[in-house]
Amino acid sequence: KGAALVCVSDNDYTELEYVIGSKYVVWVDKDKKVTKIISSEIISSSDKTKLDEFENYLSENHEIASQYDGYEYDIKREKNKVTSRVEIDYSKFDLQKFDEENDSVNSSDINLTLDSVEKKYVSLGAKCTRK
């Protein structure tokens, strides 16, 4: 409730034997600065090795960010699926400090606005709807 933006994408990589479905829900303040993002991903594959790789990759990446306040994640493995849910509360998460301490972050992502987040998700192939 109260979200400003919802983006979804479905990527079928049949030739690589997996499918990824993603949903991003974004909340902003009155100045259109991002205050919270909840993302969900479902990766489906009949290839156990691929699911192992995705599960390990997601766990390693989210473990680094979870050391900072306001970042929570949950990864589950069920049959032929790995699901990931991430919630970032930007009123608590120190994006500046995270950027300084992690090479994988692009400094241009520091000032998250509704427009910049929507542009990023669309560039990744998502379809977005403003609320």
Side-chain angles (χ1 to χ4, degrees):
K1 277 190 166 179
L5 181 70
V6 176
C7 299
V8 295
S9 68
D10 289 306
N11 296 296
D12 186 340
Y13 300 102
T14 304
E15 69 282 1
L16 300 173
E17 299 181 40
Y18 67 92
V19 176
I20 299 177
S22 304
K23 181 177 181 181
Y24 309 97
V25 183
V26 181
W27 286 263
V28 296
D29 63 16
K30 62 180 175 37
D31 298 321
K32 301 206 186 239
K33 293 262 189 197
V34 173
T35 58
K36 180 166 76 170
I37 296 176
I38 296 178
S39 64
S40 305
E41 291 182 316
I42 299 172
I43 302 159
S44 303
S45 178
S46 57
D47 184 335
K48 181 187 176 310
T49 304
K50 285 217 186 302
L51 290 175
D52 290 343
E53 290 171 5
F54 279 114
E55 187 176 20
N56 290 334
Y57 172 79
L58 290 169
S59 294
E60 288 173 14
N61 281 313
H62 294 310
E63 184 61 33
I64 292 167
S66 71
Q67 298 170 27
Y68 299 84
D69 291 338
Y71 192 101
E72 296 179 15
Y73 75 98
D74 183 42
I75 298 170
K76 292 183 180 157
R77 173 90 172 255
E78 298 170 356
K79 296 185 182 179
N80 295 335
K81 290 182 188 174
V82 173
T83 59
S84 167
R85 182 184 186 281
V86 177
E87 182 172 336
I88 307 172
D89 179 344
Y90 288 99
S91 69
K92 298 175 186 171
F93 187 77
D94 190 341
L95 195 53
Q96 183 80 37
K97 183 176 179 185
F98 181 75
D99 177 54
E100 291 167 3
E101 295 178 358
N102 295 278
D103 293 336
S104 62
V105 177
N106 180 346
S107 293
S108 66
D109 293 340
I110 292 295
N111 296 311
L112 296 177
T113 64
L114 181 62
D115 290 340
S116 69
V117 169
E118 181 177 21
K119 185 177 179 181
K120 180 175 182 175
Y121 291 144
V122 167
S123 76
L124 296 173
K127 291 184 172 82
C128 297
T129 306
R130 291 202 182 198
K131 300 293 180 179

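No hydrogens, no waters, no symmetry mates; every other heavy atom, side chains included, goes into these values.
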A.B. asks: I need the full list of salt bridge (charged side-chain N to carboxylate O under 4.0 Å, His left out) pairs touching residues 10-25, with sequence neighbours left out, sorted by first then second residue.
C.D. replies: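 Output for this query is empty, none listed.
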
A.B. asks: Taking only residues two or more places apart in sequence, or in another chain, which ones meet Asp29 in a side chain to side chain contact (heavy atoms under 4.5 Å, CB included)?
C.D. replies: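 Residues passing side chain to side chain contact (heavy atoms under 4.5 Å, CB included) with Asp29: Asp31, Lys33, Thr35.
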
A.B. asks: For Lys36, check salt bridge (charged side-chain N to carboxylate O under 4.0 Å, His left out) against everything at least two apart and list the hits.
C.D. replies: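 Only Glu87 meet the salt bridge (charged side-chain N to carboxylate O under 4.0 Å, His left out) criterion with Lys36.
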
A.B. asks: Could you walk me through whether Tyr24 and Val117 pass the side-chain contact (heavy atoms from CB on, under 4.5 Å) check?
C.D. replies: CA-CA 10 Å; Tyr24 309 97; Val117 169; over 6 Å; no

A.B. asks: Side chain to side chain donor-acceptor pair (under 3.5 Å) with Ser116: which residues, sequence neighbours excluded?
C.D. replies: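 In terms of side chain to side chain donor-acceptor pair (under 3.5 Å), with neighbours along the sequence ignored, Ser116 is linked to Thr113.
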
A.B. asks: Under the side chain to side chain contact (heavy atoms under 4.5 Å, CB included) test, which residues partner Ile42, sequence neighbours left out?
C.D. replies: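 With sequence neighbours excluded, Ile42 shows a side chain to side chain contact (heavy atoms under 4.5 Å, CB included) to Ser44, Lys81, Thr83, given in chain and number order.
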
A.B. asks: Let me check something: do Ile88 and Phe98 share a hydrophobic cluster, defined by ILVMFWY side-chain heavy atoms less than 4.5 Å apart, either directly or through other members?
C.D. replies: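 Yes, Ile88 and Phe98 fall within the same hydrophobic cluster.
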
A.B. asks: Can you list the residues that meet the salt bridge (charged side-chain N to carboxylate O under 4.0 Å, His left out) rule with Lys48, with sequence neighbours excluded?
C.D. replies: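 Here the qualifying residues are Asp52.
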
A.B. asks: What residues, two or more places apart in sequence or in another chain, satisfy side chain to side chain contact (heavy atoms under 4.5 Å, CB included) together with Ser84?
C.D. replies: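 Here the qualifying residues are Glu41, Leu58, His62, Ile75, Val86.
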
A.B. asks: How many angstroms lie between CD in Gln67 and NZ in Lys97, if you round to the nearest 0.5 Å?
C.D. replies: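 Here the rounded value is 10.0 Å.
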
A.B. asks: Can you give the donor-acceptor pairs under 3.5 Å from side chains of residues 123-131 to other protein atoms, not counting sequence neighbours?
C.D. replies:
unit_1	atom_1	unit_2	atom_2	d
Ser123	OG	Lys120	O	2.6
Arg130	NE	Glu118	OE1	2.8
Arg130	NH2	Asp115	OD1	2.5
Arg130	NH2	Glu118	OE1	2.6

A.B. asks: Do Tyr90 and Ile64 sit in one hydrophobic cluster, given that two such residues count as connected whenever their side-chain heavy atoms are within less than 4.5 Å of each other, even indirectly?
C.D. replies: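 Linked within one cluster.
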
A.B. asks: Under a single-linkage definition using a 4.5 Å side-chain heavy-atom cutoff for Ile, Leu, Val, Met, Phe, Trp and Tyr, are Ile37 and Leu114 assigned to the same hydrophobic cluster?
C.D. replies: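 Shared cluster, yes.
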
A.B. asks: Give me the atom names and distance for the closest heavy-atom approach of Ala3 to Trp27.
C.D. replies: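 In this case the closest contact between Ala3 and Trp27 is N-NE1, 3.3 Å.
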
A.B. asks: Should Leu16 and Phe54 be regarded as members of a common hydrophobic cluster, given that ILVMFWY residues are connected when their side-chain heavy atoms come within less than 4.5 Å of each other, either directly or indirectly?
C.D. replies: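 Hydrophobic grouping puts Leu16 with Phe54.
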
A.B. asks: What pairs with Thr49 under side chain to side chain contact (heavy atoms under 4.5 Å, CB included), at least two apart in sequence or on another chain?
C.D. replies: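 For Thr49 the side chain to side chain contact (heavy atoms under 4.5 Å, CB included) partners, ignoring immediate neighbours, are Asp47, Glu53.
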
A.B. asks: With clusters defined by side-chain heavy atoms of hydrophobic residues (ILVMFWY) lying less than 4.5 Å apart, directly or transitively, does Leu112 cluster with Tyr121?
C.D. replies: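 Same hydrophobic cluster.
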
A.B. asks: Output all residues satisfying salt bridge (charged side-chain N to carboxylate O under 4.0 Å, His left out) with Lys119, sequence neighbours left out; order by chain, then residue number.
C.D. replies: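 Listed in chain order: nothing, the list is empty.
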
A.B. asks: Nearest 0.5 angstrom please: Ile43 CD1 to Leu51 CG, how far?
C.D. replies: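 Answer for the CD1-CG pair, Ile43 versus Leu51, is 8.0 Å.
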
A.B. asks: Which residues satisfy the side chain to side chain donor-acceptor pair (under 3.5 Å) test with Tyr73, sequence neighbours excluded?
C.D. replies: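 Testing Tyr73 for side chain to side chain donor-acceptor pair (under 3.5 Å), a comparison that skips the adjacent residues, returns Glu63.
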
A.B. asks: Looking at residues at least two apart in the chain, or sitting in another chain, which of them share a ring-ring contact (aromatic ring centres under 6.0 Å, His included) with Tyr13?
C.D. replies: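 By the ring-ring contact (aromatic ring centres under 6.0 Å, His included) rule, Tyr13 matches Tyr18.
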
